[in-house]
Amino acid sequence: MDYYKTKDSVEEYIRLAKDVNGSQLIEKLKKFLPGSSTLLEIGSGPGTDWKILNRDYEVVGSDNSQEFLSHLTSNNPAGTFLELDAITLNTDDRFDGIYSNKVLHHLKDDELINSLKRQYDILNPQGIICHSFWKGDGSEVFKGLFVNYHSEKVLREFCEDFFEISMIESYNEFEPEDSLLLIGRKKKDIATNS
Ligand SMILES: C[S@@+](CC[C@H](N)C(=O)[O-])C[C@H]1O[C@@H](n2cnc3c(N)ncnc32)[C@H](O)[C@@H]1O
């Protein structure tokens with residue numbers, strides 16, 4: 001059973017993550033994405049970052065877990081939340097920015113590349129991506145969930161066809177330099193065939 005799909009494990013995640021938020025990442029995003037821009041958050045989970053993003057942006061939250069989506073909608077009745085898988089991002093909406101915090105590490109390499117292609121498609125011209133990852137090599141299964149680790153080099157390779165990298169920076173989540181933040185800007189005129 002997928003950890004993020006059951007009521008008990010989602011309640012556990014919300015409890016364990018209650019003192020963690022992406023405010024330092026969002027401060028970096030604000031240097032590249034002007035206030036009032038439209039922004040899609042992928043994998044909003046408990047909605048902690050959604051609330052912070054909502055202060056500055058026209059933010060739409062999303063997740064592929066019904067349990068998280070019902071938590072998000074009941075806690076934020078005025079918010080907009082979509083059921084979206086990070087890989088397919090099946091929406092007709094277009095955005096100035098796309099943000100995720102510790103979500104895309106659940107994708108396999110080919111899935112991440114497909115997600116980045118799709119992000120390119122649903123971004124407005126000059127659109128910004130801002131995503132965090134666990135830093136390292138290889139992958140593992142933790143609590144039944146696939147977890148992929150990324151190096152700066154690999155992230156650059158995956159992104160460079162679609163995005164100009166504005167910054168890739170290490171930061172501390174639980175341990176020194178255990179995480180990477182990537183911010184990129186949509187390149188002009190790339191054919192993605194999707
Ligand atoms: C580690 S939690 C992070 C949640 C939130 N961003 C935070 O910072 O607390 C991962 C989140 O990504 C969601 N998720 C995992 N795989 C996903 C996918 N393929 N598409 C969309 N959301 C996904 C999970 O449901 C969960 O909400």
Side-chain angles (χ1 to χ4, degrees), residues 1-29 39-57 59-76 79-91 93 95 97-122 129-136 139-150 158 171-175 178-183 194:
M1 185 60 81
D2 187 333
Y3 181 77
Y4 296 128
K5 303 273 168 84
T6 70
K7 197 168 170 43
D8 283 353
S9 51
V10 161
E11 281 172 2
E12 180 187 73
Y13 182 88
I14 292 168
R15 208 168 49 247
L16 293 174
K18 72 178 181 350
D19 298 325
V20 186
N21 68 61
S23 56
Q24 60 167 330
L25 315 183
I26 294 165
E27 284 308 308
K28 304 271 178 179
L29 169 66
L39 179 68
L40 173 68
E41 182 184 17
I42 301 174
S44 299
T48 315
D49 287 8
W50 180 89
K51 281 201 178 105
I52 301 170
L53 295 163
N54 195 41
R55 294 178 200 148
D56 291 285
Y57 297 113
V59 62
V60 170
S62 72
D63 210 286
N64 73 340
S65 153
Q66 278 300 340
E67 287 296 336
F68 273 125
L69 284 169
S70 61
H71 171 86
L72 288 161
T73 45
S74 61
N75 280 274
N76 308 284
T80 305
F81 299 97
L82 303 176
E83 182 179 356
L84 287 183
D85 190 290
I87 306 163
T88 51
L89 296 170
N90 191 10
T91 173
D93 295 344
F95 302 92
I98 303 177
Y99 170 92
S100 74
N101 187 5
K102 296 292 168 59
V103 176
L104 301 181
H105 63 285
H106 290 307
L107 306 190
K108 306 214 162 65
D109 288 351
D110 58 331
E111 294 172 337
L112 176 57
I113 291 166
N114 284 335
S115 175
L116 290 164
K117 276 187 197 161
R118 188 66 195 132
Q119 291 179 44
Y120 179 91
D121 290 337
I122 65 168
I129 55 168
C130 176
H131 300 300
S132 73
F133 298 87
W134 292 110
K135 187 174 168 182
S139 62
E140 64 176 340
V141 175
F142 179 71
K143 289 194 176 185
L145 287 168
F146 176 79
V147 177
N148 213 348
Y149 294 88
H150 295 92
F158 288 176
Y171 69 95
N172 314 337
E173 183 89 61
F174 298 127
E175 290 175 24
D178 59 0
S179 300
L180 284 169
L181 176 67
L182 179 153
I183 297 182
S194 57

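Predicted model, so just to flag it, every value in this text is computed and none were measured. Counting starts at 1 for both ligands and their atoms, in listed order.
Between Tyr13 and Tyr3, the ring planes lie perpendicular to each other; the angle is over 60°, past the 30° to 60° tilted range.
Looking from atom 1 (C) of ligand 1 to the surrounding protein, the closest heavy atom is Tyr4 OH, 3.0 Å. With hydrogens left out, the protein atom closest to atom 5 (C) of ligand 1 is Gly43 O, 3.4 Å, a heavy atom. Atom 15 (C) of ligand 1 has His106 CD2, 3.9 Å as its closest protein atom, hydrogens excluded (heavy atom only). The protein heavy atom nearest to atom 9 (O) of ligand 1 is Tyr13 OH, 3.1 Å. Looking at atom 8 (O) of ligand 1, its nearest protein heavy atom turns out to be Asn101 O, 3.4 Å.
Judged by distance alone, the side chains of His131 and Gln119 do bring a donor and an acceptor atom under 3.5 Å apart. Under the 3.5 Å distance criterion, with hydrogens and angles disregarded, no donor-acceptor pair is assigned to the side chains of Asn148 and Ser139. Using a 3.5 Å distance cut-off with no hydrogens or angles, the side chains of Glu41 and Ser44 do pair a donor with an acceptor. With no hydrogens or angles considered, a side-chain donor-acceptor pair links Ser179 and Lys102 at under 3.5 Å. Side-chain contact check for Thr6 and Asp8: no donor-acceptor pair (N or O, by modelled atom type) lies under 3.5 Å.
The shortest N or O to N or O distance between Phe68 and ligand 1 is not under 3.5 Å.
Counting heavy atoms closer than 4.0 Å to ligand 1, residue Leu107 contributes side-chain atoms (C-beta onward) but none from N, CA, C or O. Both the backbone and the side chain of Ala86 come within contact range of ligand 1, each with a heavy atom under 4.0 Å.
Side-chain N or O atoms of Asp178 include one that pairs as donor or acceptor with a backbone N or O of Glu173 at under 3.5 Å.
Within the 4.0 Å heavy-atom cutoff, Leu84 counts among the residues contacting ligand 1. Distances from ligand 1 to the non-hydrogen atoms of Ala17 include no value under 4.0 Å. Using a 4.0 angstrom heavy-atom cutoff, Asp85 counts as in contact with ligand 1. Within the 4.0 Å heavy-atom cutoff, Asn21 does not count among the residues contacting ligand 1. Ligand 1 is approached by Asp63 to a heavy-atom distance shorter than 4.0 Å. At least one heavy atom of Ser44 sits less than 4.0 Å from an atom of ligand 1.
Close approach of ligand 1 to Asn64 is summarised as follows: ligand atoms under 4.0 Å from at least one heavy atom of the residue are 14 (N), 17 (C), 18 (C), 19 (N), 20 (N), 21 (C), 22 (N), 23 (C), 25 (O). In summary, the atoms of ligand 1 found under 4.0 Å from a heavy atom of Lys102, numbered by their order in the structure, are 1 (C), 2 (S), 3 (C), 10 (C). Numbered from 1 in the order shown, with element, the atoms of ligand 1 that lie under 4.0 Å from a heavy atom of Ser65 read 25 (O).
The two residues Ser132 and Leu25 make their nearest non-hydrogen contact at CB-CD1, 3.8 Å. When all heavy atoms are compared, the tightest approach of Phe133 to Leu182 is CE1-CB, 4.3 Å.
With atom 12 (O) of ligand 1 as the reference point, the heavy atom nearest to it among Leu104, Asp49, Val103 is part of Val103.
Put simply, OG on Ser23 and CZ on Arg55 are 8.5 Å apart, with the number rounded to the nearest 0.5 Å.
A centroid separation of 6.0 Å or more is found between the aromatic rings of Phe146 and His105.
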